[in-house]
Amino acid sequence: WHQPHTLDDAPACFSSVSSSFPRGTMNSPTAALKRARDAELAEASDLKKFKADLLARVIVKTIVKEQTTDRSVAALRFNHLPTALPGPATGDGISHTSLGNLFATCGGDFATVYDDEHFGDNVAVVSQFKNEKTTHVGGGELSCVCWVDARGFTTHEFGDALLAVGGGEDNVVQIFSVAEAKVMRLLKGHSGKLVALASGAGDDGGAYLAVLATNGAVTVWDWRHASVRTVFTAPGALSMEMNDQGDVVYTGHADGKVLAWPIVSKTEKVKKTVPAPAGSLAGTVGAVSDSPIASIASPTPTTVNLGVAHGSSPVDCVRCLPGDRLATKSVDGQICVRGDVSKSPTAESLLVTFKVPGCVPPKKAVLQKSLTSFGCDPRGTFLACGNSDGETYVYDLATGELIKCVKQDRDFKHLNRVRAAAVSRDCRRVHCAFGPGVVWRAEVVPGVDDDDGPGTPEEA
């Protein structure tokens with residue numbers, strides 16, 4: 001483990017970030033729309049049914065075409081962090097000042113942050129990061145994104161959101177400020193191509209980020225200090241998640257298993273007395289030493305009991321959900337939700353299983369390049385997942401009941417596989433990524449229901 005060093009003397013590292021972070025109050029049409037939606041929400045007697053009815057009415061309304069033209073967008077994640085900036089909550093209990101309106105994608109060497117709520121029928125680019133070669137990084141294609149907790153880290157007057165992006169020729173993770181258009185942390189030294197990122201905020205005052213590489217190496221960082229907590233190997237791991245508390249990492253494997261790795265400190269929890277340094281820092285993976293910042297024992301995994309849900313089918317997506325639940329997906333479209341995952345991971349506690357139709361497992365030779373992910377709303381009530389034919393399905397996670405199938409009428413041949421899907425926090429929009437750099441946005445259109453909609457719009 002190497003002592004982090006500052007990047008403040010090298011502004012070239014940040015020259016590839018542009019930003020148009022929203023400042024000030026909403027415009028009048030947007031404010032009026034929000035008031036109308038809040039009133040509609042307040043009148044709903046059954047909140048779950050209200051949101052399910054919204055999701056059942058979404059139709060494709062907007063197409064976003066990103067810079068990449070020869071591949072699909074690899075990742076799409078909403079800022080559904082439970083630890084986002086606090087603010088007054090509306091009737092659904094979800095803060096509407098927590099920057100949960102933002103979602104991020106990565107495709108090619110670009111990562112893009114969008115505002116999904118404040119521009120009516122459109123989405124707006126808030127910030128864009130291009131992974132160019134500099135004196136600090138090798139540049140190249142990005143493979144994964146993850147939101148990290150900005151509380152107490154930023155002093156920006158309008159709040160901030162922090163996005164971690166991973167990949168490139170030198171397998172680095174860069175954490176950039178959306179508001180400041182600046183790389184704040186640079187995490188280097190990973191031993192393989194990066195597959196997944198996952199974040200959590202520990203009760204010891206830390207802020208943690210787990211990084212999974214293609215060789216199964218998992219590096220857990222205290223990203224605020226740019227220091228390594230622990231490094232371990234999860235053979236055959238394809239997907240990864242960290243719980244909100246930052247003390248367990250879950251990995252999905254090529255043999256259909258899901259493992260839980262407890263991240264336990266060997267020494268006293270002293271992070272509260274170690275403030276995060278100001279400015280931008282870089283850290284490098286190395287030998288983990290006993291220090292106040294990095295002193296974590298190598299974890300021993302536990303196999304999570306999912307019954308025979310996935311069999312031997314590779315598990316390519318794992319997500320922690322509120323209520324101590326864990327949702328997993330295998331490449332054949334089988335989805336499993338179990339409870340009490342932290343209390344008793346080995347006990348039988350399956351809540352629901354269902355299968356997304358039309359999911360064709362990729363061949364082993366291209367498995368790493370064909371991983372897909374699902375997305376849920378912040379409460380973990382609904383799930384969106386795509387298949388191999390450009391179709392996105394929305395389910396009730398309590399029952400496995402199908403709510404909606406969103407279809408497009410275009411054929412992109414080998415790029416038809418939906419690489420990622422997501423549900424907005426108000427359940428009025430469903431997003432998916434497939435085709436050559438295309439993000440599809442389905443939403444509720446007042447006065448238009450389901451198949452009576454206008455169909456797939458022309459590209460902008």
Test item: [X] and [Y] side chains (from C-beta on) under 4.5 Å apart, heavy atoms:
X: Arg441; Y: Val123; result: yes
X: Val113; Y: Val125; result: no
X: Leu81; Y: Ser199; result: yes
X: Leu162; Y: Ser177; result: yes
X: Phe382; Y: Tyr395; result: no
X: Val439; Y: Glu66; result: yes
X: Arg417; Y: Phe434; result: no
X: Cys106; Y: Val165; result: no

Give a yes or no answer on whether the side chain of [X] reaches the backbone of [Y] with a donor-acceptor pair at less than 3.5 Å.
X: Arg419; Y: Leu76; result: no
X: His253; Y: Pro235; result: yes
X: Arg338; Y: Ala347; result: yes
X: Asn305; Y: Pro345; result: no
X: Ser72; Y: Gly437; result: no
X: Arg319; Y: Leu326; result: no
X: Lys130; Y: Ala111; result: no

Is the distance between the ring centroids of [X] and [Y] less than 6.0 Å?
X: Trp261; Y: Tyr250; result: no
X: Phe129; Y: Phe110; result: no
X: Phe153; Y: Trp223; result: yes

* Answer yes or no: is there an ion pair linking Lys133 with Glu169, defined by an N-O contact shorter than 4.0 Å? =>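 Salt bridge flag = no for Glu169 with Lys133.
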[X]-[Y] side chain donor-acceptor pair, cut-off 3.5 Å:
X: Asp324; Y: Ser342; answer: yes
X: Asn101; Y: Asp115; answer: yes
X: Gln245; Y: Asn243; answer: yes
X: Gln174; Y: Asn131; answer: yes
X: Gln368; Y: Thr214; answer: no
X: Thr372; Y: Lys329; answer: yes
X: Ser191; Y: Asn215; answer: yes

* Distance, nearest 0.5 Å, that separates CG of Leu383 from OG1 of Thr381 ->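 Spacing of CG (Leu383) from OG1 (Thr381) equals 11.0 Å.
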* Take the angle between the ring planes of Trp221 and His190 and call it parallel below 30°, perpendicular above 60°, tilted in between. =>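 Because their plane-to-plane angle is over 60°, the rings of Trp221 and His190 count as perpendicular.
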